[in-house]
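Everything numeric here is computed off the predicted structure, so don't read it as measured data.
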Amino acid sequence: MVLKSLFSKPATYMYPLLTREPMVGSRGSIVNHVDQCSYCTLCQKKCPTDAIVVDREKKTWAIDSMRCITCNACVDVCPKSCLEMLTTYSSSKTAAELSR
Amino acid sequence: MIEEQKLIEIIPSELVAKVRDMFVEQYRLVQIGCTKLPDRIEINYSFDKNYQFINYRLILANDKVEVPSVSSVYWNALFYENEIHDLFGLNIVGIVLDFKGTFYETKEKYAFATCPPPIEPVIKTTPVVNIKEKGKPQ
Amino acid sequence: MSNRTIIPFGPQHPVLPEPIHLDLVMEDELVVEAIPRIGWVHRGLEKLVEKKDFLEMTYVAERICGICSFIHGLTYCHGIEQIMNIEVPIRAHFLRTLWSELSRIHSHLLWLGLVADAFGFESLFMHSWRIREKVLDIIEATTGGRVIFGSAKVGGTRRDIDNEMLKRIIAQVTEIEKEMKEISQTFLNDYSVQQRLKGVGILSKADANMLGAVGPMLRASGINQDMRKLNYAAYGHIDWEPVMAQDGDCFARVEVRVGELFQATDMIRQVIEKMPEGPVDVKVTGSPNGEFFARTEQPRGEVIYYLKGNGSKNLERMRVRTPTFANIPAITKILPGIQLADVPMMLLTIDPCISCTER
């Protein structure tokens, strides 16, 4: 075991330089392809953390990525299949960047 | 498979004697749990021996009723009883080691003592637009 | 009588990832009495049933604990299914068993690493966690999440695993098993590990039963009890026996958990071999009306979900008794009489998960 550890490559990645390939089907972050969206508010109703806000009148769709728990419930329920679960995580942000 | 779960309702005065019987028969105290309902309070004492699950249920009219402690029989009951006291504000008398409300350090005292009607959750933070391709932010 | 001092231990302590407080009454270097206090991470999740409907509560249940996440979700769903008399497809039962055992491996490897770190064997800690990473990769590939699986749902599972992936899992598990054999040699045979763990913190068989200890803590004291014998999920379809040890000391607890690692890999193989074809979920209609005590075996021991519904969308009461809460009485009974230097390690042997405990 000692020899193996000495002569094998490290088990970790040099993170900022090398990132791991995301797995297929990994729950990373949510995007809405808004041009297909019908603003039916189903995702807003199904969201367990109330992270999604849809306005039918103004035709806006917004998600609070800090509240979102990437549970996939909205993607499952979307009738237009315009919500998509990306396999990549949303990058970390500061509060100032968020409110921008 | 549905496992058989016996449920026996008892009154406060016979509690300690019943629990002592379970102790003599070498049952394990699985949990003590309190349920606050609009019109009454239930306390469940669960026991287990060789996967046989038995449940004693104590029904109280309100949280002023004195509940005798069973921690003199099952020592580990004191943790459950202190928890119930700290969360529900029940009046449990004679706990072997009474923390008097300092076992569970909650921000609100007796956090589970109230039983409010369901309220609509309010969104406090301003949502952030996360739109791909053609969509324009608000 | 020599002078007694009280040493506050925690809520912040290098060995504790989570806050629990112990007042240690000391006589020189020996502990005379230990008084625990909790509540620093109380989130009131049980109270959330009043706001979230019973299907949404699955997500809350999964987030009670970050390590035994899947089994929390499974227990909750099991309870609701029993109340509502839902017949879950058999494939879903097998998938649930598969994920439960994967999460058991990852939890036990995490614990073995932490305990190695607590007794000062840093490289063993690193190796345990290196292997754990491969288990997490399998979990992510099959469920989409690394720790929060999100794959349990009332009425079945949210995802299916295709047969090609199942074959890949067997290959990966075989590889992981080989590496686990290497580290388990060190845990079980190394001289310094034995010196540190053997004969420390003995919990007798009678005490373990009467103090209501659960899980590996109980089985290390020679009591044959494992909630998986209640045959929830697919545990009734596979051959297995609870892993036990007789001594009741810290070393016995390590033995039990190492044994369960290999038991889990064996179970995974059996589950994949016997996995039937078919759907993985059924449609759920109506609302739960009734009550049930759902009991399952987590990596840390028996967990109890008391669920009570009144026919509306919101449950009346959800009460969770987690294994760590049941093991706190046992730890306070075995702490007296041991050296102060052993306290952190002793506390770790119950595999404390305080966020779990306080919900």
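Across all non-hydrogen atoms, the minimal contact from C:E140 to A:S26 is OE2-OG, 2.7 Å. Between C:K52 and A:D50, the shortest heavy-atom distance links the atoms NZ-OD2, 3.8 Å. A pairwise comparison of heavy atoms in C:I148 and A:R27 identifies O-NH2, 2.8 Å as the closest pair.
Using a 4.5 Å cut-off between heavy atoms, C:D53 makes no contact with chain A at all. Heavy atoms closer than 4.5 Å to chain C are found in the side chain of A:D76, but not in its backbone.
Taken to the nearest 0.5 Å, the CG atom of A:N72 stands 5.5 Å off from the CZ atom of C:R158.
Per-residue counts of heavy-atom pairs under 4.5 Å with chain A were compared for C:R159, C:E62, C:E133; the largest is that of C:R159.
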